[in-house]
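Note sheet for the following structure.
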Amino acid sequence: MENKRSTKPGPGIGPLIPATIETGSGRKNSLWKRFVAQRHLQTMALLGVAWMVIFNYIPIYGLIISFKEYNIVKSIAEAPWVGLEHFRELFADDDLPNVIRNTLGISLIKLLIGFPLPIIFALFLNEVRSIRYKKAIQTISYLPHFLSWVVLGGILATWLADVGIINNILLALNLIDQPITYLAEPSYFWTIIITSDIWKELGWSAIIYLAAIAGVSPEMYEAATIDGAGRFQKMWFVTLPAIRATISILFVLAVSGVLNSNFDQILVLRNSLNDSTSNVIDYYIYQTGIISNRFSYSAAVTLVKAVIALILLLIANQVSKKINDTSLF
């Protein structure tokens, strides 16, 4: 008589074939079921991926014209190769030092002043106890972000004109003897650009910090209260350390974009009279590429800018990883 061995596991012994092991077809069916269940979210995600591929990845091919003499009459493939000629021309350009000075000057001051201000604003706004007053402040601070620089540029040009509200107030206070045309004076341009950018983006930039602060455990504040900590001590020893990772990530991104000078803002507020302080890399690319039709040269400038931005991103990410143990990758 043939003995049949039982495949039933003994006590304390799991099943012979773990339930978590799936065949290839089973895994595919599981993924497909999950996709169908989340089809609305997946469709939105796929649309975002498609947008990124079309507008961010496919245009990378166009950077090949940096090494060619491109003409819009012919295709990119038909354009003759010139090697590094455009890059040599870039570094030999007499306008380059002034362009770099303006770009770094505006961006670094924005980074030093404009980066911590939303953090400070979020910290103090979080301490407001009146919900109605808090919502009013948020609405007022967010509003400028939703106005384009075309609109805000026109408002600023009106305010800063020789008969504008700024001159009228300063004259009424006897702070100046005669009206000043601010946008015609190169010495005022950086101040106008930095101040207006902070005014427009302060409230909007604080949103992510407010979201991070909302995630701080109330028990931490209760423990600090028991220890006798005041409001400012709670902000310094509880809130700031809790959102340190968020601050580090946003700082890394801000450093990587230090060569960006908000082209829309510059284009609206600049003119021939303040050109010495308003000619930044983004406008330089626009001037040489669009106005002068030097597409290959402007592509070379863009490529150099992108490489420098990547290097800054890697350096800032590594520094943040060593100091705060927080990084993008």
Side-chain angles (χ1 to χ4, degrees), residues 93-121 140-206 251 254-255 257-292 301 305 308-309 312:
D93 192 344
D94 295 334
D95 293 333
L96 184 62
N98 184 55
V99 170
I100 294 176
R101 180 183 70 87
N102 293 333
T103 303
L104 293 180
I106 294 173
S107 297
L108 290 177
I109 296 175
K110 280 184 180 180
L111 185 64
L112 293 175
I113 300 177
F115 183 79
L117 281 181
I119 302 173
I120 298 171
F121 178 74
I140 294 171
S141 62
Y142 296 168
L143 182 61
H145 171 79
F146 297 99
L147 300 177
S148 69
W149 274 113
V150 175
V151 176
L152 287 181
I155 294 174
L156 288 173
T158 303
W159 288 357
L160 297 171
D162 53 357
V163 293
I165 187 174
I166 303 297
N167 276 303
N168 291 336
I169 293 174
L170 295 178
L171 287 170
L173 296 174
N174 294 322
L175 296 178
I176 57 175
D177 297 328
Q178 57 184 1
I180 301 172
T181 308
Y182 291 96
L183 290 177
E185 296 290 339
S187 58
Y188 292 110
F189 186 78
W190 285 15
T191 303
I192 294 170
I193 287 293
I194 295 166
T195 305
S196 60
D197 183 75
I198 293 173
W199 166 56
K200 185 176 187 294
E201 300 297 339
L202 177 65
W204 183 258
S205 300
F251 183 77
V255 170
V258 76
L259 294 182
N260 297 325
S261 302
N262 200 339
F263 173 73
D264 295 342
Q265 181 189 23
I266 297 291
L267 184 63
V268 169
L269 296 177
R270 73 169 306 280
N271 53 60
S272 58
L273 297 175
N274 59 34
D275 182 72
S276 60
T277 54
S278 63
N279 193 10
V280 296
I281 289 179
D282 289 337
Y283 184 78
Y284 181 76
I285 294 172
Y286 165 76
Q287 187 178 37
T288 56
I290 304 299
I291 298 178
S292 301
V301 180
K305 176 188 170 184
I308 295 175
L312 291 174

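For the numbers below, each heavy atom of this structure counts, side chains included, while hydrogens, waters and symmetry mates do not. Note that the structure is a prediction, hence the values are computed from the model and not measured. Residue indices begin at 1 and follow the sequence shown.
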[X] [atom1] to [Y] [atom2] distance, which is reported to the nearest 0.5 Å:
| X | Y | atom1 | atom2 | value |
| --- | --- | --- | --- | --- |
| E185 | L160 | CD | CG | 12.0 Å |
| I169 | W159 | CD1 | CH2 | 9.5 Å |
| I140 | L202 | CD1 | CG | 12.5 Å |
| I194 | F189 | CD1 | CZ | 10.0 Å |
| S278 | I266 | OG | CD1 | 6.5 Å |
| D197 | I113 | CG | CD1 | 11.5 Å |

For a 4.5 angstrom cut-off between non-hydrogen side-chain atoms, does [X] reach [Y]?
| X | Y | value |
| --- | --- | --- |
| F263 | V280 | no |
| D95 | N98 | no |
| T277 | I193 | no |
| W149 | N262 | yes |
| L152 | Q265 | no |
| Y182 | T191 | no |
| Y284 | D93 | yes |
| L171 | I176 | yes |

Test your reading of the model: is there a side-chain donor-acceptor pair from [X] to the backbone of [Y], 3.5 Å cut-off?
| X | Y | answer |
| --- | --- | --- |
| S141 | G203 | no |
| N279 | D275 | no |
| S107 | S261 | no |
| N271 | N274 | yes |
| K200 | H145 | yes |
| T288 | I285 | yes |
| T181 | D162 | no |

message = To check you understand the geometry: which heavy-atom pair defines the closest contact between S196 and L269, and what is its length?
response = OG-CD1, 4.3 Å
query = What are the two closest heavy atoms between S276 and P186, and how far apart are they?
reply = OG-CB, 3.6 Å
task = Could you check K110 against V258 for side chain to side chain contact (heavy atoms under 4.5 Å, CB included), going step by step and ending with a plain yes or no?
result = CA-CA 9 Å; K110 280 184 180 180; V258 76; over 6 Å; no
query = With a cut-off of 6.0 Å (strictly less than), are more than 12 heavy atoms of other residues, nucleotides or ligands near CD1 of I165?
reply = no
note = Contacts of D264 meeting salt bridge (charged side-chain N to carboxylate O under 4.0 Å, His left out) (sequence neighbours excluded), chain-then-number -> none
task = Scan N260, L259, L104 and name whichever one has a side chain to side chain contact (heavy atoms under 4.5 Å, CB included) with I281.
result = L259
query = If you draw the axis of the six-membered ring of Y283, does the NZ or CZ of R270 fall within 45° of it and under 6.0 Å from the ring centre?
reply = yes
key: Ring-ring centroid check W204 F146, cutoff 6.0 Å   = yes
